[in-house]
Protein chains: 2
Amino acid sequence: MPKDTFFNLPDEKRQRVIDAAIDEFAERSFHEARVTAIAEGAGIAMGSFYQYFEDKKDLFKYIIELIVKEKLAYINQDMMANMQNYGFFQLLREIYSRGLRFAKERPRLLAIGLSLTNNEALYHEVYGDHVQTSDDFFRKLLAKGIADGDLDPTIDPILVARLLTMLNYALADFVYEDGKLDLDDMEIIDKMLNLIENGIKNRAAALGGC
Amino acid sequence: MPKDTFFNLPDEKRQRVIDAAIDEFAERSFHEARVTAIAEGAGIAMGSFYQYFEDKKDLFKYIIELIVKEKLAYINQDMMANMQNYGFFQLLREIYSRGLRFAKERPRLLAIGLSLTNNEALYHEVYGDHVQTSDDFFRKLLAKGIADGDLDPTIDPILVARLLTMLNYALADFVYEDGKLDLDDMEIIDKMLNLIENGIKNRAAALGGC
DNA sequence: GATTCATATGAAGCTCCATTCACATGATAT
DNA sequence: ATATCATGTGAATGGAGCTTCATATGAATC
């Protein structure tokens, strides 16, 4: 947790520190990121940095906290409230589309988030035990989908939840590689959803008899 | 490229160096990995290390080269030769199952490979341009599957290739988290394939009329 | 205007490594 | 046995970067 001195800072200066930190952590892993670069980027003295934070990790945890808050704001806004009104695939479409928007609008935040998932030790230190994972969320969604009759009841919710999470990551990945795919965002999402909904098997032959 | 002195080493000693390097790179990112730990692990003097390698990166690239060779051996063996005899989903099942076996039998190699995909700069330095990606491979497979009539011809092969790659990663991920899923390997793979083949929509209702 | 308190500063101090160096060792050739 | 060559060694060297420290600045209070 940053010290009081940090929160007492004028908004503009505090924001400069946050921005500089996001820049550095987005470019380099936690271990590679340099406190000196952050201080310089924010236009503060090295000594000041340690007036504001215990150490580098203290700042990093704070930044992660901000990212989580912001991401949840993107995903959650009103959606959970109206959850009952939508079918499974509508909800999934909404989740993916909001996740993609977050990735496009805050690519540096996305990069930091991804870098954290690649560092297990740090990940646990940041989140402790109460890891409200993306998996948990999808599991609940799947349970509801099965209960509502939208989904094949024989699927394994734990496995599928993980797969949906991974596909969500895949989506974010496309953002980094512009031009790889000549599609607009909703088109990508709809094609992904089509895979999730129907698979990729050729049904034309099989359904001939219907 | 390691120096001649390295390749002139007795096999046993050369292997000790390779093993020590794999241990260290599997535990820590390239940047965090310590030459001192590798030298100590291999039972050689620091000076010797620099008789064998230009620097830390020289060794790292060599290790990656070994990993790629070994992984290809797992995946490729005879399979590509018999490709024509199998349908798309049989091939995919085979690929996933071999990938999973590699992950289970060589978890440290898997970890190093994953860590490399998380470091774009290093990744490009190691592979240069001729990045024979997993994507390319799946694209060809998909093209064949469509040509053979196994797959829905309206899918987007580029997008789906990426999704199949990500699902392959997801599979490897499960290996790390034992117990999360109470299934044996082939069961996981078959459930994944079922998602890919048929999606997760509940067809019972829709097919009632058939 | 002196004291106190909070904050600012950048130059040390320190630790951790990668890399180098000056000096063995030991084999092979002369 | 001496010279030459390849290899081995671990103690310097040096740089990078986190953290601390001694000292300023400046506002608020007495």
Side-chain angles (χ1 to χ4, degrees), chain A residues 1-64 115 119 121-122 125-126, chain B residues 1-64 115 119 121-122 125-126:
Chain A
M1 183 69 84
K3 301 177 183 174
D4 286 343
T5 47
F6 177 66
F7 294 110
N8 293 340
L9 248 32
D11 287 357
E12 190 272 332
K13 190 171 186 181
R14 183 150 29 79
Q15 197 56 47
R16 275 201 335 259
V17 175
I18 292 171
D19 288 342
I22 288 174
D23 281 345
E24 181 70 1
F25 287 131
E27 289 297 326
R28 314 170 92 102
S29 70
F30 171 74
H31 188 264
E32 287 170 278
R34 299 150 305 172
V35 173
T36 52
I38 295 171
E40 191 181 347
I44 62 173
M46 281 303 286
S48 298
F49 182 94
Y50 288 89
Q51 302 276 19
Y52 305 152
F53 308 102
E54 293 298 334
D55 52 24
K56 183 164 74 159
K57 195 177 290 172
D58 186 31
L59 167 59
F60 185 75
K61 287 183 184 175
Y62 175 68
I63 295 292
I64 292 293
S115 85
N119 187 334
L122 196 57
E125 196 163 351
V126 169
Chain B
M1 183 69 85
K3 300 176 183 176
D4 287 343
T5 49
F6 178 67
F7 294 110
N8 293 339
L9 248 32
D11 286 357
E12 191 271 334
K13 188 172 186 178
R14 183 149 29 80
Q15 196 57 46
R16 277 203 331 261
V17 175
I18 292 172
D19 288 341
I22 289 175
D23 281 343
E24 181 70 3
F25 287 131
E27 288 298 324
R28 317 171 90 102
S29 71
F30 170 75
H31 188 260
E32 288 169 278
R34 299 150 305 172
V35 173
T36 52
I38 295 171
E40 190 182 347
I44 62 172
M46 281 303 289
S48 299
F49 183 94
Y50 287 90
Q51 302 276 17
Y52 306 150
F53 308 102
E54 293 298 336
D55 52 25
K56 183 163 75 159
K57 194 177 290 173
D58 186 30
L59 167 60
F60 185 74
K61 286 183 186 176
Y62 175 69
I63 295 291
I64 291 294
S115 85
N119 187 333
L122 196 58
E125 195 164 352
V126 169

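Quick note: numbers below take in every heavy atom, side chains included, and nothing from hydrogens, waters or symmetry partners. Predicted model only: the values in this text are computed from it and were never measured.
The nucleotide range of DNA chain C contacted by chain B, defined by atoms under 4.0 angstrom from heavy atoms of the protein and reported 5' to 3', is dC17(C) to dT20(C).
Heavy-atom distances under 4.0 Å link DNA chain D to no residue of residues 14-38 of chain B.
K57(A) places no side-chain N or O within 3.5 Å of a backbone atom of V126(A) that could act as its donor or acceptor partner. Distance alone, capped at 3.5 Å, is enough to place a donor-acceptor pair between the K56(A) side chain and the A33(A) backbone.
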Legend entry - side-chain contact (heavy atoms from CB on, under 4.5 Å) evaluation trace for F25(B) with I64(B): CA-CA 10 Å; F25(B) 287 131; I64(B) 291 294; over 6 Å; no
Inset, instruction - Begin from the C-alpha positions of E24(A) and R34(A) and carry the test side-chain contact (heavy atoms from CB on, under 4.5 Å) through to its verdict. - result: CA-CA 7 Å; E24(A) 181 70 1; R34(A) 299 150 305 172; 3.1 Å; yes
Inset, instruction - Before giving the answer on side-chain contact (heavy atoms from CB on, under 4.5 Å), spell out for K13(B) and R16(B) the whole-Å C-alpha distance, their side-chain angles and the decisive distance to 0.1 Å. - result: CA-CA 5 Å; K13(B) 188 172 186 178; R16(B) 277 203 331 261; 3.8 Å; yes
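In this structure, K13(B) reaches the sugar-phosphate backbone alone: every heavy-atom distance under 4.0 Å involves primed, P, OP1 or OP2 atoms, never a base. Nucleic acid contact class of T5(B) (heavy atoms, under 4.0 Å, all strands): sugar-phosphate only.
What separates CD1 of I44(B) from C1' of dT7(D) is a distance of 12 Å, to the nearest Å. Counting to the nearest Å, the P atom of dA16(D) and the CD atom of E40(A) are 14 Å from each other. Taking atom CG of residue L59(A) and atom P of nucleotide dT19(D), one finds them 11 Å apart after rounding to whole Å.
Note on Y52(B): a side-chain N or O is less than 4.0 Å away from OP1 or OP2 of dG8(D).
Mapped onto DNA chain D by nearest heavy atom, A45(B) and K57(A) fall at different nucleotides, with A45(B) at the one closer to the 5' end. Toward the 5′ end of DNA chain D lies the nearest nucleotide of D4(B), the other residue of the pair D4(B) and Y50(A) mapping further downstream.
Rounding to the nearest 0.5 angstrom, the gap separating the OH atom in Y52(B) from the CD1 atom in I38(B) is 13.5 Å.
Within a 6.0 Å sphere centred on CD of E40(A), heavy atoms belonging to other residues, nucleotides or ligands number 12 at most.
The residue from E32(A), H31(A), E27(A) that alone fulfils the side-chain hydrogen bond (donor to acceptor under 3.5 Å, both in side chains) condition with S29(A) is E32(A).
Taking the six-membered ring where the residue is Trp, Y62(B) and F6(B) present perpendicular rings, their angle passing 60° and hence far from 30°.
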